[in-house]
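Comments concern the structure below.
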Amino acid sequence: MTAKSKSRALGGEELERFGAELDALRARTVATLGQRDADYIRRVVKAVRYIDVAGRALLYVGAIGGAFVNWLFWPACVLGVLLIAVGKILENMEVGHNVIHGQYDWMGDPHLNGKTYEWDIVATSENWRKTHNFRHHTYTNIRGLDDDIGYGLLRIFPEQRWRPFYLLQPLIAPLFALLFEWGIAIQDLKFGRLFAGKTTLRKMKRALSAVGRKMRRQIVKDYLIFPLLAGPFFLPVLLGNVAANLIRNLWTWVVIFCGHFTTDVETFPKEVIRNETRGHWYLRQLRGSANIGGGRLMNLMTGNLSHQIEHHFYPDIPANRYAAMAVEVREICERYGQHYDTGSLPRQFGQVVWRILRHAFPSRPRLRLRLEQAVAQRA
Amino acid sequence: MSSPTSLESAAIAPASRRSRLRRWVRPWVNPVVFDFWAQRLHPTWSWERPLARLVAREQASIDSFTLWLKPNRHVGAVRPGQHFNVSAEIDGAAVTRSYSLSHLPRADGCLAITVKAIEGGKLSSHLCHDLSLGARLGLSPAFGDMALPAQPSGRWLFLAAGSGITPLACLTRELAARDMPVELDLVYWARCRDELCFIDALRALEAAHPRLRVHVALTREPGAMQPGEARGRIDEALLQDLVGPLDGRQVFACGPDGFVDRARQLLAARSESFQAEAFTPPQPAVDESGTVEVRLAASGRTLRLPRGVSLLEALEAEGLRPRHGCRMGLCNTCACEKPAGIVRHLPSGELVREPMSSLRLCIHGAASDLTINL
C-alpha cells in the first residue's frame with residue numbers, strides 16, 4: 001500500500017477549496033487567541049522551572065545523601081534524572097520549539113519572543129530558526145531542500161541514493177538518537193560540504209564559533225557547575241546530567257522521526273514548489289507529516305508534535321490549539337478523501353524502525369507514478 | 001499624554017547601566033530563568049527589564065486618573081517633560097502606550113502618570129478601571145526632549161490642551177519647586193470644567209508663586225464661566241486677552257496635532273523659542289493606495305514605500321535585503337517590531353493598528369506612515 005492509493009487525486013479547483021477551508025480554520029483560530037493561550041504557555045514555563053529544580057535537588061539528595069544513607073542513592077538519583085529529563089523535554093518541545101516558531105509573539109512578552117528565545121539544548125536558536133523554521137517548514141520533505149530528510153546521515157526513503165555507508169545505519173541510527181542534540185547543533189554547518197570541498201575550513205570555523213559558544217555554555221552548566229555544587233560527590237551528579245540529556249535526546253528523536261518518516265509519508269522532487277498554490281502547499285504538508293495518537297499527556301510531552309500535521313499546516317499558531325483544530329482538520333481531510341496519517345506511538349515508531357532497517361539496503365521507489373503525479377498535481 | 005508617534009524612541013534606547021560585576025556574570029545568567037525566580041520573591045525584580053507596580057490610583061478629573069507607579073531600577077531617571085512606555089497585559093497580549101510624567105517623582109522613587117479613560121481606549125480604560133493595585137506593568141526607560149534648561153529665565157508660556165496638560169503641569173511643578181525663576185503663564189484648554197485635571201493643585205501653586213498665572217479656557221462648557229476661565233479655542237485674541245503681549249516668550253505647547261499646529265502658526269515666528277509635542281488621534285483613517293513614509297529605526301533610514309504590497313517586496317524594490325525566509329508568513333524569519341504606525345495583514349486584508357507590536361515583512365503591507373525596527 002502506498003500513500004497514493006490511500007488519498008484521492010485532487011483537481012485544481014478542488015485543491016483550492018481544500019486550501020481555503022484550511023485557511024478559514026486558521027483565521028477562526030487566530031481570532032480567538034487570548035488569555036487562555038497566554039496562561040497555558042506560562043503554566044508550562046512554570047512547570048518546567050519547578051520540575052528542573054525538583055529534579056536537580058533530588059539528584060543532589062541521591063548523590064550526597066546516598067553516600068550516608070545507602071538506600072537513598074538509587075531511587076533519588078533515578079527520580080532526579082527522570083525529572084531533569086522531563087523538564088528539558090518540556091522546555092525544548094512545548095516551550096522552546098513552539099516559542100521559537102513565533103507562536104506566542106502576539107503576546108508581546110519579551111521572554112516568549114520567537115526571535116530572541118534561547119533554549120536549553122546545545123543547538124542555537126539562531127541555527128534552528130534557519131534549518132527548521134525556514135527550510136524544513138517551507139520545503140517540507142522536498143529532496144535536496146529539506147535537510148531533515150535523514151539529516152544527511154540516514155537513508156529513510158528509497159528515493160535517496162544508496163551508498164554502502166548506509167549498511168551501517170542500523171548501528172548509526174541509535175547513536176544518532178542518543179546524540180540527537182549534537183546532530184541538530186551542527187546540522188546547519190553541513191560538514192559534508194567541507195569534505196566535498198564546497199567550503200573552506202576558515203568559513204567552517206567562523207560558522208562553528210557561535211555554535212561552539214552555546215555548546216560550551218551547556219557543557220559548563222550541566223557537566224561542570226551543577227556537578228561541582230555537589231563537591232566530592234561530583235561524579236554521580238555528572239553522570240545523572242549526562243543520563244538526563246541522553247533521555248531527552250532519545251525521546252525528541254523518536255517524536256521527530258515519527259513525524260515525518262512513517263510508512264505512508266512521501267518525499268517530493270524540487271519541481272513541486274514551482275508555482276505551488278496554497279492548496280497544494282497544504283497537501284504537501286499533509287503527505288509529508290504524520291501524527292502520533294495518544295491523550296493529553298502525549299500532546300504535552302511531545303510539545304504537541306503529536307499533531308505534526310496541524311503543526312505543519314499552522315506552524316505559527318500556538319500549539320496548545322492543535323488538538324482542537326485536529327478535529328476539524330481530520331474532518332476536512334476526510335471530506336476531500338485525503339489520508340490522515342495517525343497511529344499509536346508503537347505503531348508509528350515501528351514503521352520508522354522498519355524504514356531505517358529496510359533502506360539501509362538498496363531499495364527502489366515502489367511506484368514511479370508517485371513522483372510524476374506529485375508534479376502533475378500542480379497543473 | 002498618549003503619543004503613539006513617539007513610542008519608538010524608547011524601544012531603541014539602551015538598557016540601564018550595568019556594573020562590572022553584572023558584566024562578568026552576564027554570560028552565565030539566563031534572564032528568562034533569572035526573572036522567573038526573582039519574581040517569585042518580588043513582582044518587579046528582574047535582570048534587565050524595566051518594570052513597575054501600581055501602588056496608588058487617584059481620580060484627577062471626571063474621566064482621568066493619576067496612577068502612582070513604583071519602578072524597578074532598570075527604569076532609570078525620568079525628568080519632568082519626558083515620557084515612558086507603559087504596557088499592560090490585556091487578554092494575553094501586551095498593550096503599550098506612552099505617557100508623560102505628570103507629577104514630580106516622589107522621594108520613594110514612585111512615578112506618576114495621569115491617564116484619561118478614553119472610550120474604546122484599550123489601555124487607558126484598563127489602567128483607569130480594571131488594573132488592580134499591586135499589579136505589574138512593563139515600563140521603558142524615559143525618552144523625550146522637552147525639558148527645563150539648567151538656568152531657566154525670561155517670560156514663559158505653556159499652552160496645554162486636554163491630555164497635553166500632563167507634561168506641562170509636571171514642568172510647572174518643577175519650576176515651582178525651584179521657586180519659580182521665570183514669569184510663567186499656563187493656559188489650559190479643556191472641553192468642560194469637569195475634565196480639568198489637578199486644577200486645584202495648579203491654583204494652589206498660583207497662589208503660592210506670584211510669578212505663575214494659571215488660565216483656563218473651556219471650549220464646550222454648557223454652564224457660565226467662572227472667574228479665571230475663558231471660553232473658546234486657541235486664537236490670537238483669546239491669547240492676548242488672557243496673557244497680554246505674546247512676543248518674545250519661550251513657548252511650550254502640548255496637545256492634539258491640530259492644536260499644536262495652530263499654536264505654531266500663531267507663535268513660532270515671534271517667540272524666543274518654541275517647543276511642542278503633539279499626539280495623533282488613536283484611530284486615524286487609512287487610505288487604500290498611494291505611498292507612505294517608512295522609518296527604519298535601526299538603520300536610521302527613511303523611505304517612501306507603496307501601500308498594498310508586502311513590506312518585504314517594497315523594501316527589496318528599494319534595493320534592501322532584509323532577512324527573510326519562506327515569503328508566506330510561516331517561518332518568522334522576517335519578523336520585525338513595529339513601534340508605530342498601521343499595517344495591513346495582506347492575506348486577510350485586516351488592519352493592525354496596535355503600536356509596539358510585531359509584524360512579518362512578507363505578509364504585512366504599510367497602511368500608514370510607519371516605524372519598524374529594521
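Just so it is clear: chains get the letters A, B, ... in the order the sequence lines come, proteins before strands, and each one is counted from 1.
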Is [X] close to chain B through its backbone or its side chain, or both, or neither, when contacts mean heavy atoms under 4.5 Å?
X        : result
A:Leu33  : backbone
A:Gln103 : neither
A:Arg135 : neither
A:Val48  : neither
A:Arg213 : neither
A:Lys46  : both

Approximate separation, where rounding is to 0.5 Å, of [X] [atom1] and [Y] [atom2]:
X        : Y        : atom1 : atom2 : answer
A:Asp105 : B:Arg360 : CG    : CZ    : 6.5 Å
A:Phe134 : B:Leu330 : CZ    : CG    : 11.0 Å
A:Arg129 : B:Cys331 : CZ    : SG    : 11.0 Å
A:Tyr50  : B:Phe36  : OH    : CZ    : 5.0 Å
B:Ile363 : A:Asp316 : CD1   : CG    : 7.5 Å
A:Trp106 : B:Ser357 : CH2   : OG    : 13.5 Å

Under 4.5 Å from a heavy atom of chain A, the part of [X] involved:
X        : result
B:Trp28  : both
B:Glu354 : neither
B:Val33  : both
B:Thr333 : both

Do [X] and [Y] come close enough that some side-chain heavy atom pair is under 4.5 Å?
X        : Y        : result
A:Lys115 : B:Glu337 : no
B:Val32  : A:Arg49  : yes
B:Arg49  : A:Pro110 : yes

query: Are the charged groups of B:Arg327 and A:Glu276 less than 4.0 angstrom apart, N to O?
result: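 Looking at A:Glu276 together with B:Arg327, the answer is no, because their closest N to O distance does not fall below 4.0 Å.
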
Has [X] got more than 12 heavy atoms of other residues, nucleotides or ligands less than 6.0 Å from its [atom1]?
X       : atom1 : result
A:Gln35 : CD    : yes
A:Arg28 : CZ    : yes
B:Arg53 : CZ    : yes

query: What residue, out of A:Tyr314, A:Trp281, A:Tyr117, has the most heavy-atom pairs lying under 4.5 Å from chain B?
result: A:Trp281

- request: Decide yes or no on side-chain hydrogen bond (donor to acceptor under 3.5 Å, both in side chains) for A:His111 and B:Asp35, but give the supporting numbers first.
  value: CA-CA 9 Å; A:His111 286 349; B:Asp35 284 10; 2.7 Å; yes

Atom of [X], atom of [Y] and distance for their closest heavy-atom approach:
X        : Y        : value
B:Ala94  : A:Gly108 : CB-O, 3.8 Å
B:Cys326 : A:Thr138 : CB-OG1, 3.1 Å
A:Ala38  : B:Gly92  : CB-CA, 3.7 Å

